[in-house]
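Keep in mind that this is a model prediction, so the values were computed, not measured. Computation of the quantities below employed the complete heavy-atom set of this structure, encompassing side-chain atoms and omitting hydrogens, waters and symmetry-equivalent molecules.
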Amino acid sequence: MPKEYRTIQEVAGHLMMVKGVENVTYDELGEIELANGETRRCRVLEIDGDTAMVQLFESSTGINLESSKVRFLGRTMELGVSEDMLGRVFDGLGRPIDGGPEILPEARRDINGQPMNPAARSYPQEFIQTGISAIDGLNTLVRGQKLPIFSASGLPHANLAAQIARQAKVRGTTEPFAVVFAAMGITFEESNFFVQSFKDTGAIDRTVMFVNLANDPAVERISTPRMALTAAEYLAFDKDMHVLVILTDITNYADALREISAARKEVPGRRGYPGYMYTDLASMYERAGRQKGKKGSITMIPILTMPEDDKTHPIPDLTGYITEGQIILSRDLYRKGVTPPIDVLPSLSRLKDKGIGEGKTRADHSNTLNQLFAAYARGKEAKELMVVLGEAALTDIDKIYAQFADAFEQEYVSQGYDTDRSIEETLDIGWKLLSMLPRAELKRIDDKYLDLYYGK
C-alpha cells in the first residue's frame, strides 16, 4: 500500500507542495484524497530534498491542507491498451467519454514510450493514398513519414484533417489500417465535428480518438498526444496494423507546455516557450516510423496553426526541422474559394520520390509532378506581371501559362472535402491541364510519356 502524506504545504493554481516525502521520483503519478473521499490525480514535477512539487490534472478547488492526503503510486502515467480501443472516444487521460464501457486492457504501457533504436528503423517507402490531389500528386505521403500541415487561424484545417482520416488507405493490400486521432485544446464544436464526421462515414470503426477540450487542464493537454501515440505503437507494432496518427493542434500543445514551464518558474526561451521545446516535440514526432522485422507502421500528420501566419514562429520552425516536409495552407487560395486551400509551391514532402513511380503509383508520376510544379510557378509569375504591367505586356505563351495557373487551382487543387480521387484520376487531371500547354513547353517529361498521355 503506498504511503500516505498529510503534509501538503501550499496549493497555487494547478501546483501543490508536499513536504517530508521519501523515495518519490520525477514524473511519478499520485492521488490526492479529499476529506469527502473524492480522489484527484497529479504527477510529480520536481523534487527538492524531501519536498515534492506536484501538478494537478484536475482543479484544486476543495483541497484542504489539513485533511487532504497524498499517495504516490510508484509508476509513471500509463495507458491500458487493447484492440477494443478502435471505434472509441477517450479524454486526454485515456478515460472513455463516449458513454461506452471501460476498456479491459491487454497490457499497460508507459505513455512516454520506448525510444526506437535508429538502427532498427526501416526506410519509409510505400505510398499512402489520401484521395487529395495536391498531396498525392505533388507532395506524396509515404508510410512511416511525419508530414505536418501548417495552417493559420480561420483556415479549414479541421476539414482537411477529417478528410485525410476518412480517405487515407494503402492501395493494393488488405493489411489492416487504423487511424489514431488526437485533438488538443479544441472547442466542443470542433470535437463534435470530428466525431460526427467519422460516424457518418463509418470511419469511426477503425479510429481511436483522444479529445482534450479547450477548458480541460493544460497538463492533460501534454499527455493527450502521448496517450494517442502509445495506442498507435500498440496497434502498429503489437497488432501489425498500419496506423495514421493525426495530431491537431500542436500550437495548443506548445502553449500548454509554455504555461506549465512558466508555472515552474523556468527560464523562458524564444517567445516565452521553454528552451527544451525542440526536444519535447522531437520526443513525440520521432515515435512515428517503421521498425525492421515488424509489419506495422506509424505515419504522422501533426497539424499546427501558425501564429500570425508566420512560418518562422518557433512552433512551425522547430516542427519543420524534425519532420519530413510540410503541407502549407494559403489564405489567398482560401479567399478565392479553393478547397482545400493547399499552397503547393512552398509545400514539400521530402520523401515523395520514395513513394512514387512504377509499381507504387504510375511510371509517369515523377515527370508530371516536376512539370506541374514548373508550369504552375511560371503561371503565377505571369499573373503577377499582369497585375503590374497589364495583360498587354504578356507574350502569348505567358497568357497560356496564366490560364494554366487558374485552371490548376480550380481543377487540380480545389476538389472539395468529399471527393476521394484515386491516384490515376489525379494523374489524369494533371495530364489534362498540361495538355493546355504546347508540347514543346513540356521539357521535363520523357517523350514516351508524352506519346502515351499528351492531349488524350
Side-chain angles (χ1 to χ4, degrees), residues 1-80 90-95 97 102 105 108-113 184-185 212-227 230 253-269 272-277 279-280 283:
M1 185 70 187
K3 186 174 173 183
E4 292 187 342
Y5 297 97
R6 289 176 180 264
T7 48
I8 301 174
Q9 291 303 105
E10 61 174 309
V11 178
H14 283 293
L15 298 179
M16 187 171 83
M17 300 288 275
V18 187
K19 282 262 192 218
V21 300
E22 296 168 6
N23 300 328
V24 173
T25 56
Y26 169 71
D27 222 19
E28 189 174 331
L29 270 191
E31 281 180 346
I32 303 150
E33 191 179 315
L34 276 54
N36 62 3
E38 184 191 339
T39 59
R40 294 190 189 158
R41 296 163 79 181
C42 60
R43 69 166 188 168
V44 178
L45 273 189
E46 211 171 288
I47 302 282
D48 184 6
D50 68 346
T51 305
M53 182 200 276
V54 300
Q55 181 157 29
L56 308 175
F57 284 111
E58 287 107 334
S59 85
S60 55
T61 318
I63 295 180
N64 181 320
L65 302 189
E66 298 296 312
S67 55
S68 301
K69 299 181 283 200
V70 186
R71 289 186 291 274
F72 294 101
L73 305 179
R75 58 183 172 83
T76 54
M77 204 158 184
E78 293 174 334
L79 174 68
F90 302 90
D91 70 2
L93 296 176
R95 299 173 295 208
I97 51 170
E102 288 285 330
R108 298 197 74 83
R109 296 280 162 86
D110 180 348
I111 65 163
N112 294 306
M184 295 158 276
N212 163 271
L213 297 177
N215 60 343
D216 289 332
V219 62
E220 186 181 306
R221 208 155 298 155
I222 300 288
S223 68
T224 307
R226 292 184 165 78
M227 289 278 173
T230 305
Y253 170 84
D255 287 345
L257 205 62
R258 176 166 66 178
E259 192 179 316
I260 288 167
S261 170
R264 290 164 67 171
K265 298 187 169 54
E266 293 172 343
V267 178
Y273 292 97
Y276 53 78
M277 185 161 83
T279 16
D280 190 277
S283 71

Value rounded to 0.5 Å, distance of CG in Leu45 from CD in Gln55: 4.5 Å
CG-OG1 distance between Leu65 and Thr7, expressed to the nearest 0.5 angstrom: 10.5 Å
Salt bridge Asp280-Arg226, side-chain N to carboxylate O under 4.0 Å: yes
4.5 Å side-chain heavy-atom contact, Ile32 and Glu38: no
Sequence neighbours excluded - ring-ring contact (aromatic ring centres under 6.0 Å, His included) pairs with any residue from residues 53-72: Tyr5-Phe72
Of all pairs that satisfy salt bridge (Lys or Arg N to Asp or Glu O under 4.0 Å), the ones with a partner from residues 13-29, not counting sequence neighbours: Lys3-Glu22, Asp27-Arg43
Salt-bridge criterion met for Glu33 and Arg71 (N-O under 4.0 Å): yes
Sub-4.5 Å side-chain heavy-atom contact between Leu29 and Arg41: yes
Beyond-backbone contact of Ile8 with Val70, side-chain heavy atoms, under 4.5 angstrom: yes
Verdict with supporting geometry, Glu4 and Arg6, salt bridge (Lys or Arg N to Asp or Glu O under 4.0 Å): CA-CA 7 Å; Glu4 292 187 342; Arg6 289 176 180 264; 5.3 Å; no
Minimum heavy-atom distance Met277-Ala254, with the two atoms named: SD-CB, 3.7 Å
Asp110 side chain vs Gly113 backbone, donor-acceptor pair below 3.5 Å: no
Heavy-atom closest pair, residues Thr224 and Glu220: OG1-O, 2.8 Å
ring-ring contact (aromatic ring centres under 6.0 Å, His included) partners of residues 9-48, not counting sequence neighbours, each pair once: none
Asp216 side chain near Asp91 side chain, heavy-atom distance below 4.5 Å: no
Gap between atom CE of Met17 and atom CD of Gln9 - 0.5 Å precision: 8.0 Å
4.5 Å side-chain heavy-atom contact, Met77 and Met227: yes
Sidechain-backbone polar pair: Ser68 side chain, Asn64 backbone, donor-acceptor under 3.5 Å: yes
Neighbour count >12 (heavy atoms, 6.0 Å) for atom CG, Asn215: yes
Closest non-hydrogen atom pair, Ile63 against Val11: CG2-CG2, 4.1 Å
Side chain Ser60, main chain Leu56, donor-acceptor under 3.5 Å: no
Donor-acceptor contact below 3.5 Å, side chain Arg40 vs main chain Ser59: yes
Arg95 with Glu58: basic N within carboxylate O range, under 4.0 Å: yes
CZ on Arg75 to OG1 on Thr25, rounded to 0.5 Å: 12.0 Å
Under 3.5 Å donor-acceptor, Arg264 side chain and Ile260 backbone: no
Residue pair Ile47 / Ala52: nearest heavy atoms and the distance that separates them: CD1-CB, 4.0 Å
Polar contact flag, side-chain donor to acceptor under 3.5 angstrom, Ser261-Glu266: yes
Asn36, CG atom: more than 12 neighbouring heavy atoms under 6.0 Å: yes
Gly92 backbone acceptor or donor facing Ser223 side chain under 3.5 Å: yes
Modelled atom types, side-chain donor and acceptor of Asn212 and Tyr253, under 3.5 Å: no
